[in-house]
Amino acid sequence: MTGRTVSRTLSIVLVFQLAIGALLVLGDMQVSAPALPGFGPDAPRLTEPVRPGDQRRRFAPERDRPAVTPARNAGPLPDRLTLTQVADTWRLEGAIVPGDAGRIITQLSDAPDLPAELVLQSPGGSVQDALQLGRFLRDRAIGTRVLAGEICYSACPYLLAGGPERTIAEGASVGVHQHSFGENTFLPAFLAVEDIQRGQAEVMTYLDEMGIDPLVMQHALSTPADEIYILLPEELQRYGFVADPDA
C-alpha cells in the first residue's frame, strides 16, 4: 500500500473508534446517545436488488436471501461451518462459530488429498476463526469460490480472501459490516475501545497480507451489525478480491 492509502485507512478507523468510544462512555454514564450517522431502520430488505450507491440491506440471512436464483438450495445454512465433498467439489457452508477453524483445519489435514478449492457459503460469525482458517488456506494454496445465488457475508469475506486464487461468480453476493471483538460486554469503555482497536488492526494487517486493499474496511466500519453492505463487482475488483479482467 502507498503511504497515502495507509493514512486514509487509519483516518477512517480513527474517526470510527472515536465515535464508538463516545457511545461507550455515554453508555457507562447511562446517558441516551444518538445513533451514529447513517445507522437506522431504513435499509431495504436483503431480497431487494442492489444498485450503485444503494448497497446497504437489512441483515437477517436466516429469513432473507439475495434476489438471485440459488445455484444449490435456499434452505437454512448449518449452524456452524460444515465441510462436505461431492465428487471433486468441496464445500464449506454455515455460520462461523468459535472453534470452527481448528475443527475444519483438522478435517482438511486428515483428508487423503487437500482440495484445490473450497466453495464458500456463510453468513459470517467469528472473525478470529475466519482469519485463522483463511491463513491455513493460503498456506496450503487452497483456492476459494462463491457461486451464483450464494452468499459470503460478515466474516466470510476474510475467509474468501485466504484463497490464493479467488473466484466470485456473477450473481454471488459478498458483503461486509461491523464486527464485535471480544466477548465481555461489561468492560469499561476505555478497555472496550482498546479491544476494538486491536481487532481492527488485526483484520487490516490480515487483509494486507492477503493482497486485499484494507480500504474495504471503510464500508465495514460504517455499516451496523444488523445491516450488510453488498460489494459491487467493480468494488470486488478495486479491493483485490478478484482480478480486473482489463488489467
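- Scanning both residues, Ala155 and Ala130, for their nearest heavy atoms gives O-CB, 3.5 Å.
- Side-chain atoms of Gln85 come within 3.5 Å of backbone atoms of Ala87 as a donor-acceptor pair (strictly under, hydrogens ignored).
- Contact detail for Val176 and Ala220: the closest heavy-atom pair is CG2-N, 3.8 Å.
- Expressed to the nearest 0.5 Å, how far CG of Asp100 lies from CG of Leu81 amounts to 4.5 Å.
- Considering only heavy atoms from C-beta on, Asp129 stays 4.5 Å or farther from Val97 through its side chain.
- The CZ atom of Arg238 sits 9.5 Å away from the CG atom of Asp213 when rounded to the nearest 0.5 Å.
- Of the listed residues (Leu118, Leu83, Val119, Leu120), just one forms a side-chain contact (heavy atoms from CB on, under 4.5 Å) with Arg91, and that residue is Val119.
- Atom CG of Asp79 is surrounded by 12 or fewer heavy atoms from other residues, nucleotides or ligands within 6.0 Å.
- For the pair Glu150 (side chain) and Gln121 (backbone), a donor-acceptor distance under 3.5 Å is absent.
- Annotation: side chain of Thr205 is not in contact with side chain of Val203 (no heavy-atom distance under 4.5 Å).
- We find that Glu227 and Arg58 are not joined by a salt bridge, their nearest charged nitrogen and carboxylate oxygen being 4.0 Å or further apart.
- Within 6.0 Å of CD in Gln107 there are more than 12 heavy atoms belonging to other residues, nucleotides or ligands.
- Here the side chains of Glu117 and Thr167 are in contact, with some heavy-atom distance below 4.5 Å.
- Side-chain atoms of Arg56 come within 3.5 Å of backbone atoms of Ser222 as a donor-acceptor pair (strictly under, hydrogens ignored).
- Screening Leu232, Thr223, Leu231 against Gln55 for a side-chain contact (heavy atoms from CB on, under 4.5 Å) leaves a single residue, Leu232.
- Taking hydrophobic clusters as Ile, Leu, Val, Met, Phe, Trp and Tyr residues chained together by side-chain heavy-atom distances below 4.5 Å, Leu114 shares a cluster with Leu133.
- Residues in residues 203-224 take part in these ring pair (Phe, Tyr, Trp, His ring centres under 6.0 Å) pairs, two or more places apart or across chains: His219-Tyr229, His219-Tyr239.
- For the atom pair CD1 of Ile212 and OH of Tyr158, the computed distance is 11.0 Å after rounding to the nearest 0.5 Å.
- Here the closest non-hydrogen pair linking Met204 and Pro214 is O-CG, 3.8 Å.
- For the pair His179/Gln200, no side-chain contact is recorded, criterion being any heavy-atom separation below 4.5 Å from C-beta on.
- Pairing each heavy atom of Arg166 with each of Phe241, the nearest pair is NE-O, 2.9 Å.
- Residues Ser122 and Leu77 have side chains not in contact (no heavy-atom distance under 4.5 Å, counting atoms from C-beta outward).
- The minimum heavy-atom distance between Cys152 and Leu160, with the atom names listed, is SG-CB, 4.1 Å.
- Listed by chain and residue number, Asp54 satisfy the salt bridge (Lys or Arg N to Asp or Glu O under 4.0 Å) test with Arg57 (two or more places apart in sequence, or in another chain).
- Using a cut-off of 4.0 Å between Lys/Arg side-chain N and Asp/Glu carboxylate O, Glu209 and Arg138 are scored as not salt-bridged.
- The CD1 atom of Ile230 sits 13.0 Å away from atom CZ of Arg51, with the distance rounded to the nearest 0.5 Å.
- A heavy-atom distance below 4.5 Å is found between the side chains of His177 and Phe59.
- Looking at every heavy atom in both residues, Ala172 comes nearest to Leu147 through CB-O, 3.3 Å.
- You'll find the side chain of Leu159 reaches within 4.5 Å of the side chain of Leu92, heavy atoms only.
- Residue-environment remark: CG (Asp88) stays at or below the threshold of 12 foreign heavy atoms within 6.0 Å.
- In the displayed structure, Glu170 atom CD is contacted under 6.0 Å by at most 12 heavy atoms of other residues, nucleotides or ligands.
- Contact of the Ile105 side chain with the Gln132 side chain is registered, since non-hydrogen atoms from C-beta on lie closer than 4.5 Å.
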